[in-house]
Amino acid sequence: MNTIYSLSQLGWQPFYQQQLTLEEYEHSICARVINHHRSEYIVQTNSEQVRLPIHANLPMMTVGDWLLLDQNQQFKRLLERKTLLSRKGAGAEMKLQHITSNIDTLFVVMSLNQDFNLNRLERYLTLAHDAQVEPVVILSKSDLCQDVAEKVIQVQALDPLLEIVAINGLESCAIEQLQPWCKSGKTVSFVGSSGVGKSTLINQLVQDEVALTNDIRQGDDKGKHTTTSRSVYISAEHGVIIDTPGMRELQLVGSEESLHTTFADIEQLASHCRFSDCQHQDEPNCAVQRAIDGGELDTRRFKNYQKLLREQAFNHASLREKREKERQFGKLIRQVTRGKKQLKKMS
Ligand SMILES: Nc1nc2c(ncn2[C@@H]2O[C@H](COP(=O)(O)OP(=O)(O)OP(=O)(O)O)[C@@H](O)[C@H]2O)c(=O)[nH]1
Ligand SMILES: [Zn+2]
């Protein structure tokens, strides 16, 4: 039997409603992408799941997207996204990969034991800023850490306004700390390395609810289980929850502005350098170097900022180059096809 949801339970908000014309409002079915397979998308309407086979006329979509179907359940159009989380696909190939869209909060989970790493956290925060999503840092496995307060101070130093939650996912009351963000009508997602405790928290949030999409948990030879696909859950109490597979590698592809947001303190300092194009190396009157010498700015943070800037610029340029090559190739194909047609006409 199909469960009936309200659109609001699926995460529908005025931002999407405002995009509909009157005609669309009356004659379309709103649906949300809940799974993306190799050959089809699965979308959820308020009453059922619909399969959309992938073909040339379908735009590239991702889990979380909102779209309109006609009365025959055929794709009409994709709605503008409120937020979009993307990264460079893993491996050597230069490919943009969408992780999920239209989420309100991104829980960045990092465990307080071996996984604790400020450089990685800055990377995840940039991912959130790039997607225009509010990040909330969850420091998990607090039971395995002797100096939780000290670690929280270190994270808070990255951004005085950052929301931070230190949590022991094994305690049954853990999710009470996530209540401010997990509400009906809202969509949240979890990112973080494999094994930091994302599924443990999600299981608590969704308890007896059934996943709209089944996540695939595969065991390795050490008997460990890891999530390998995205899963979408809907909870009457906690809203829509999107699990993402643990990330081994997160390469940024966003804009320079998102890095400026993550490293707002360095940007602020840089505005006081004598030269507007200061590289903060050994230029005279460099405010950034002065802050490092004075102990106000961590060398680690400055180095990571520079590293991420370089990485993002490189990935950006490579993606642009790849797109340009694809465009040229498409042009060539069209020219050849046109040439063939003309030859046919002439013969
Ligand atoms: N001590 C302790 N163990 C935890 C905590 N949270 C999770 N664990 C354990 O850590 C292991 C990994 O947790 P998962 O929830 O599967 O981790 P995950 O982030 O979902 O991992 P992937 O599915 O690989 O992305 C499990 O054995 C959990 O029981 C915690 O707060 N404290
Ligand atoms: Zn400078």
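Whatever order the structure lists ligands and atoms in, that order sets their numbers, starting from 1.
Ligand 1 has no nitrogen or oxygen under 3.5 angstrom from a nitrogen or oxygen of Ser142. For ligand 1, the polar-atom distance check against Lys141 finds a nitrogen or oxygen pair separated by under 3.5 Å.
The Gly169 neighbourhood of ligand 1 comprises atoms 30 (C), 31 (O), with distances under 4.0 Å to a heavy atom of that residue. Short contacts between ligand 1 and Leu144, defined as distances under 4.0 Å to a heavy atom of the residue, involve ligand atoms 1 (N). Each of the following atoms of ligand 1 lies closer than 4.0 Å to a heavy atom of Asn168: 30 (C), 31 (O), 32 (N).
Residues passing the ring-ring contact (aromatic ring centres under 6.0 Å, His included) test with Tyr41, sequence neighbours excluded: His36.
The pair Glu311-Arg123 counts as a salt bridge, with a side-chain nitrogen and a carboxylate oxygen less than 4.0 angstrom apart. A salt bridge links Glu24 with Arg77: the distance from a Lys NZ or Arg NE/NH1/NH2 to an Asp or Glu carboxylate oxygen falls below 4.0 Å.
A donor-acceptor pair shorter than 3.5 Å cannot be found between the side chains of Ser101 and Thr62. Counting only N and O atoms by type, the side chains of Asn35 and Gln49 include no donor and acceptor under 3.5 Å apart.
Taking 4.0 Å as the cut-off, Gly195 counts as a neighbour of ligand 1 on heavy-atom distance.
The backbone N or O of Ser193 sits less than 3.5 Å from a side-chain atom of Lys198, completing a donor-acceptor pair.
Excluding waters, the protein N/O/S atoms found under 2.8 Å from the Zn ion (ligand 2) are Cys273 SG, Cys278 SG, His280 ND1, Cys286 SG.
Within the 4.5 Å cutoff, the side chain of Leu67 has heavy atoms near those of the Leu69 side chain. Using a 4.5 Å heavy-atom cutoff, the side chains of Ile34 and Ile234 are not in contact.
For residues 257-286, the set of pairs meeting the salt bridge (charged side-chain N to carboxylate O under 4.0 Å, His left out) definition, not counting sequence neighbours, comprises Asp265-Arg301. Residue pairs meeting the ring-ring contact (aromatic ring centres under 6.0 Å, His included) criterion with at least one partner in residues 284-313, sequence neighbours excluded, are Phe263-Tyr305.
Neither the backbone nor the side chain of Leu201 comes within 4.0 Å of ligand 1, counting heavy atoms alone. At a 4.0 Å heavy-atom cut-off, ligand 1 touches Thr200 through backbone and side chain alike.
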